[in-house]
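What you see is a predicted model; the values in this text were computed from it and never measured. So that the names make sense, note that chain A is the first sequence line, chain B the second, and so on, each numbered from 1.
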Number of protein chains: 2
Amino acid sequence: MKDTSKEDFLQLEKFLCFSVYSASHAFNRIYKPLLDQIGLTYPQYLVMVSLWQEDDQSVRSIGEKMYLESSTLTPLLKRLEANGLVMRNRDPNDERSVRIRLTEQGKALREKAEEIPTCILEATGLDIETAKRLNRDLRALRDQIEKPRRA
Amino acid sequence: MKDTSKEDFLQLEKFLCFSVYSASHAFNRIYKPLLDQIGLTYPQYLVMVSLWQEDDQSVRSIGEKMYLESSTLTPLLKRLEANGLVMRNRDPNDERSVRIRLTEQGKALREKAEEIPTCILEATGLDIETAKRLNRDLRALRDQIEKPRRA
DNA sequence: ACAATTTATATCGCGCACGATTTAATTACA
DNA sequence: TGTAATTAAATCGTGCGCGATATAAATTGT
């Protein structure tokens with residue numbers, strides 16, 4: 001047998017972390033042409049999805065949901081603000097926190113964005129069941145990894 | 001029912017792309033403390049894994065395996081070179097391409113890196129079977145998405 | 001009330017990651 | 001053979017993503 005277990009272990013394709021890494025980039029790439037049409041980047045789109053689901057969130061709240069630091073979100077949100085999609089205002093009840101609210105334009109963008117997920121699911125070639133299972137397993141994996149970080 | 005199908009659709013957690021996105025970051029984060037010890041970043045580590053598996057590759061070859069552009073790899077490989085882990089030399093048979101070869105130091109690093117995957121698998125809390133299935137499904141997903149891009 | 005601590009966001013530097021473009025070498029083919 | 005087309009890397013600009021640090025506001029403990 002040519003593949004000893006050690007050699008076997010070193011194959012990139014055997015690394016779960018690489019499959020996740022490359023699948024993540026692959027998603028980024030199919031989303032790009034669709035998101036270009038509505039002027040969003042992929043992370044910006046995910047933030048908008050979160051805001052469409054629940055408007056008027058603090059930076060902190062968005063960060064917790066997206067697993068991102070303020071050092072990532074602050075500039076991203078400023079870009080969304082510069083593009084007229086959100087407003088950033090200090091919370092009068094707690095001047096430390098900044099509330100992010102959708103502008104009318106930001107709300108309106110939802111309509112255009114709504115058809116995107118269907119296009120994507122099509123491109124993945126997945127049946128609903130596999131997609132659901134993958135989603136469930138990946139969430140569990142992420143939560144397991146993040147658990148000690150949030151404790 | 002409070003969740004209409006449209007509202008339901010907008011939940012971030014229902015987005016497979018977000019699960020992949022956040023799982024990818026999660027992996028990055030657990031690898032970091034381990035990779036810090038051997039002076040590699042996560043993408044650098046993946047390139048090194050590829051080189052440990054097969055030394056003396058062209059930039060192009062690495063790019064195809066990792067799904068990365070030369071605009072990403074060139075600076076990354078220069079950093080590996082600056083750290084004394086690889087050598088970059090034009091291929092005498094085809095001056096267009098650059099061959100990447102491990103230095104002795106780069107080869108030696110493999111020993112230290114070999115224990116990492118075990119630590120990681122432990123942190124994921126996955127049983128082998130689930131890990132294998134996830135890996136298989138994600139590769140299939142990635143390949144399906146990349147297929148039209150490589151055709 | 002007030003000093004010490006905690007919390008929320010922002011800033012900075014570094015390293016990806018990509019698209020668009022450039023440069024140089026090779027190949028195709030008229 | 002010589003010119004056009006293709007190929008391989010590199011360069012540049014933009015936007016993440018994070019750790020370390022800074023700043024300012026709120027909370028805690030006395």
query = Taking for each residue the nucleotide of DNA chain C bearing the nearest heavy atom, is the 5' side occupied by A:Ser97 or by A:Thr72?
reply =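 Result of the comparison: A:Ser97.
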Could you label the plane-to-plane angle of the B:Tyr45 and B:Tyr31 rings as parallel, tilted or perpendicular, counting under 30° as parallel and over 60° as perpendicular?
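Rings of B:Tyr45 and B:Tyr31: tilted, as their planes differ by 30° to 60°.
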(message) Quick check on DNA chain D: between A:Pro75 and A:Asn93, whose nearest nucleotide comes earlier from the 5' end?
(response)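 It is A:Pro75, whose closest nucleotide lies nearer the 5' terminus.
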Return the value, rounded to whole Å, for the distance between atom [atom1] of [X] and atom [atom2] of [N].
{"X": "B:Gln44", "N": "C:dG15", "atom1": "CD", "atom2": "C1'", "value": "8 Å"}
{"X": "B:Leu76", "N": "D:dA10", "atom1": "CG", "atom2": "C1'", "value": "14 Å"}
{"X": "A:Met66", "N": "C:dT9", "atom1": "CE", "atom2": "C1'", "value": "17 Å"}
{"X": "B:Leu80", "N": "C:dC16", "atom1": "CG", "atom2": "C1'", "value": "12 Å"}
{"X": "B:Glu64", "N": "D:dT7", "atom1": "CD", "atom2": "C1'", "value": "12 Å"}
{"X": "B:Glu95", "N": "D:dA9", "atom1": "CD", "atom2": "P", "value": "12 Å"}
{"X": "A:Asp94", "N": "D:dA25", "atom1": "CG", "atom2": "P", "value": "11 Å"}
{"X": "A:Leu35", "N": "D:dG15", "atom1": "CG", "atom2": "P", "value": "15 Å"}

Side chain of [X] only, heavy atoms from C-beta on: which candidate in [options] is closest?
{"X": "B:Glu69", "options": "C:dT9, D:dA10, C:dC18", "answer": "C:dC18"}
{"X": "B:Val98", "options": "C:dA8, D:dG17, D:dA10", "answer": "D:dA10"}
{"X": "A:Leu68", "options": "D:dC16, D:dG17, C:dT9", "answer": "D:dG17"}
{"X": "B:Pro43", "options": "C:dC16, C:dT9, C:dC18", "answer": "C:dC16"}
{"X": "B:Thr74", "options": "D:dT11, D:dC18, C:dA10", "answer": "D:dT11"}

Within the distance-only criterion (no hydrogens, no angle test), does the side chain of [X] pair as donor or acceptor with the backbone N or O of [Y] below 3.5 angstrom?
{"X": "A:Ser61", "Y": "A:Gln57", "value": "no"}
{"X": "B:Ser22", "Y": "B:Phe18", "value": "yes"}
{"X": "A:Thr74", "Y": "A:Ser71", "value": "no"}

Is a donor-acceptor pair below 3.5 Å formed from side chain A:Arg96 to base C:dT7, judging by atom type as modelled?
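Donor-acceptor pair under 3.5 Å: yes.
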Note to self: Check this for me: does the side-chain of B:Ser70 come within 3.5 Å of the base of D:dA8 through a donor and an acceptor?
What the structure shows: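 Result: no qualifying N/O pair found.
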Short side-chain N/O contact from [X] to OP1 or OP2 of [N], under 4.0 Å:
{"X": "B:Arg88", "N": "D:dA10", "answer": "yes"}
{"X": "B:Lys32", "N": "C:dG15", "answer": "no"}
{"X": "B:Ser71", "N": "D:dT11", "answer": "no"}
{"X": "A:Tyr42", "N": "D:dG15", "answer": "no"}
{"X": "A:Thr41", "N": "D:dC16", "answer": "yes"}

Consider only side-chain heavy atoms of I, L, V, M, F, W and Y, link residues closer than 4.5 Å, and tell whether A:Met87 and A:Met48 are in one cluster.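 No, no single cluster joins them.
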Worksheet item: Taking 4.0 angstrom as the limit, do B:Glu104 and B:Lys107 come out as a salt bridge?
Response: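 The answer is yes: the pair qualifies as a salt bridge.
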